[in-house]
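Hydrogens, waters and symmetry mates are skipped; everything else that's a heavy atom, side chains included, is used.
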Amino acid sequence: MPKRFLPQIFFGLSLWLVFTAQALISSAATYRRLVAGGKRQSFLERTLILLDVNTRSPVKILNDNFLSLQVDPSILKNGWLDFLSSKRLVTLARGLSPAYLRFGGKRTDFLQFHNLKNLAKFRGPGPDYYLKNYEDDIVRSDIALDKQKGCKLASHPDMMLELQREKAAQMQQVLLKEQLSNLYSDVTITARSLDKLYNFADCAGLHLIFGINALHRNPDNSWNASSALSLLKYSAGKKYNISWELGNEPNSYRTMVARSVNSTRLAQDYILLKTLLQSVRYYSRASLYGPNIGRPLAVAGYYYIDRRVTKVEDFMKTRLLDTLTDQINKVLKIVKIHAPEKRVWLGGVGPAWAGGINNLSDTFAAGFLWLNTLGISAMQGIDVVLRHSFFDYGYSHLVDQHFNPLPDYWLSLLFKRLVGPRVLAVHVAGLQRKPRPGKVIRDKLRIYAHCTSFHNHNYVRGSITIYIINLHRSRKKIKLAGTLRNKTVHQYLLQPFGADGLHSKSVQLNGEPLAMVDSDTFPELKPRTLRAGRTIAMPPISIGFYVIKNINAYACRR
């Protein structure tokens, strides 16, 4: 592919495989070798980790929108797109801004745009009761939204939401069957639906990236751009600030539709799309992202983790945490050779395949994998990580069908508020029980450091945020050393709330349960202050964010 036409690259080991990560602490560049020694006490008492951070310069500088979001086109079929105007959903999405919102996934390449306002004609099949009374409710809701100025927000009646949940549950069986068979039906997005999608993104402070169908082909296998051109003209007329992507995982087309699109043809398609963007004056400078690849170097075992995770404890197995680095390295090597000026994104990230597994992928335990993926991706220099999905039917999302934040949402919210795009090198030294290969303490204690987010006005520039995952079933003590010694620390400790333990769908922060105050108001995320010089005590099976307040780190001042 000619370099001058190569857009931004991002790859999607979507669903399960993408959610594994390797502990960066094991890198020779980021830790000091652990040594044995100490008093003959219990392992719990004599395990002390010495932690320091290089504050002179960042090892990586990421996109300000590093943690970003994805919504699948399936929301057009299961009806959830009609509810993106919910005031509560918009509030929750706004909490994770600034971010990209990628509208894409497997169904991208079966998506057709129709410049029509008729809602019912293109919504697709549903339960009999749904087709009349429910459609009337949607139409009345749309009319009310049309009369609003600025952000169009709604509060949907409980009965309306209950009917939608029933409808989505039935449609999910259809969508799941398509996913299992790898045979997908066409999806239509109307002008009205696009208006709703853009309104949601714009009101939430998210930048929309819209995936365009690349499988709409002419008899000679060239790309048929008619639907795309209609979409571009309509969006330009509305002055929608949108970036664009062409297709989703073109390397999987042969298995889906028995048709292949080779790299030469794909390059020609991108050139044509670039020409279309330039012909529509409003988008002459719009960003173009892709291509999105599904299996770097045809890696085998695409969904193998899905078959190996049957209980929450499986989320914490280090052998499942130690595979993503290899995948990232393969992609980065190829990009370095063929397009060294391009940044790499990681798309389709989520803790489960095919909608997730109830009481597994929507629990506190899934957060260990999510945070570790963010940490490893940042250390490797992945520019943006797109979480699949912000909201939809199933169990692998940030927000459930009752519009309540799941544990991964609260984790993402803290990450957004505390973690900035400048990545710092971590230096670790400490004690281990015995020097057994593969059984050292760093396997289950994962530590990452960034400059504190400049968007957080509670902390002055120069502050550092450290986030730690303790997968041990015992408490670990961490002593701040070197440049971190004798500094005041703000602790944000996340643990499961309630009797369900790791199965819990609720989270406590420093011992206080987290819940929305109302549709407009987040709870106060209050830190616990640790006095200067105090040892950090990480409880077993927990996650902690620690802001080093008064360090005035040179790497974080600019």
State which residues pass side chain to side chain donor-acceptor pair (under 3.5 Å) with Q508; sequence neighbours excluded, sorted by chain then number. none
Pair N372, Y448: side-chain N/O donor-acceptor within cut-off below 3.5 Å: yes
Would a 4.5 Å heavy-atom cut-off, applied to side chains only, mark P523 and E512 as touching? no
Determine, stepwise, if the pair R88 / N404 fulfils side-chain hydrogen bond (donor to acceptor under 3.5 Å, both in side chains). CA-CA 9 Å; R88 190 178 178 94; N404 292 320; 3.2 Å; yes
As an exercise, state the distance from NZ of K152 to NZ of K196, rounded to the nearest 0.5 Å. 12.0 Å
Please list every donor-acceptor pair under 3.5 Å in which a side-chain atom of residues 483-494 meets a protein atom from a residue at least two apart or in another chain.
{"from": "T483", "atom 1": "OG1", "to": "D52", "atom 2": "OD1", "distance (Å)": "2.9"}
{"from": "T483", "atom 1": "OG1", "to": "V53", "atom 2": "O", "distance (Å)": "3.2"}
{"from": "H490", "atom 1": "ND1", "to": "Y459", "atom 2": "OH", "distance (Å)": "2.7"}
{"from": "H490", "atom 1": "NE2", "to": "T529", "atom 2": "OG1", "distance (Å)": "3.3"}
{"from": "Q491", "atom 1": "OE1", "to": "Y546", "atom 2": "OH", "distance (Å)": "3.4"}
{"from": "Q491", "atom 1": "NE2", "to": "N510", "atom 2": "OD1", "distance (Å)": "3.4"}
{"from": "Y492", "atom 1": "OH", "to": "Y459", "atom 2": "OH", "distance (Å)": "2.5"}

Answer yes or no on whether R417 is positioned over the face of F522, meaning its NZ or CZ is under 6.0 Å from the six-membered ring centre and within 45° of the axis. yes
Considering all heavy atoms of both residues, which atom of F368 and which atom of L502 are nearest to each other, and what is their separation? CE1-CD2, 4.1 Å
Take E178 and K106 through the test salt bridge (Lys or Arg N to Asp or Glu O under 4.0 Å) and record every step on the way to the result. CA-CA 10 Å; E178 289 183 355; K106 282 286 188 180; over 6 Å; no
Do T108 and E249 come close enough that some side-chain heavy atom pair is under 4.5 Å? no
Could you check whether the rings of Y467 and H450 sit parallel, tilted or perpendicular, using 30° and 60° as the cut-offs? tilted
Hey, could you give me each pair passing ring-ring contact (aromatic ring centres under 6.0 Å, His included) that has a residue in residues 59-98? Not counting sequence neighbours. W80-F83, W80-F391, F83-H156
Assess whether side-chain hydrogen bond (donor to acceptor under 3.5 Å, both in side chains) is satisfied between N456 and S453, documenting all intermediate values. CA-CA 6 Å; N456 193 326; S453 173; over 6 Å; no
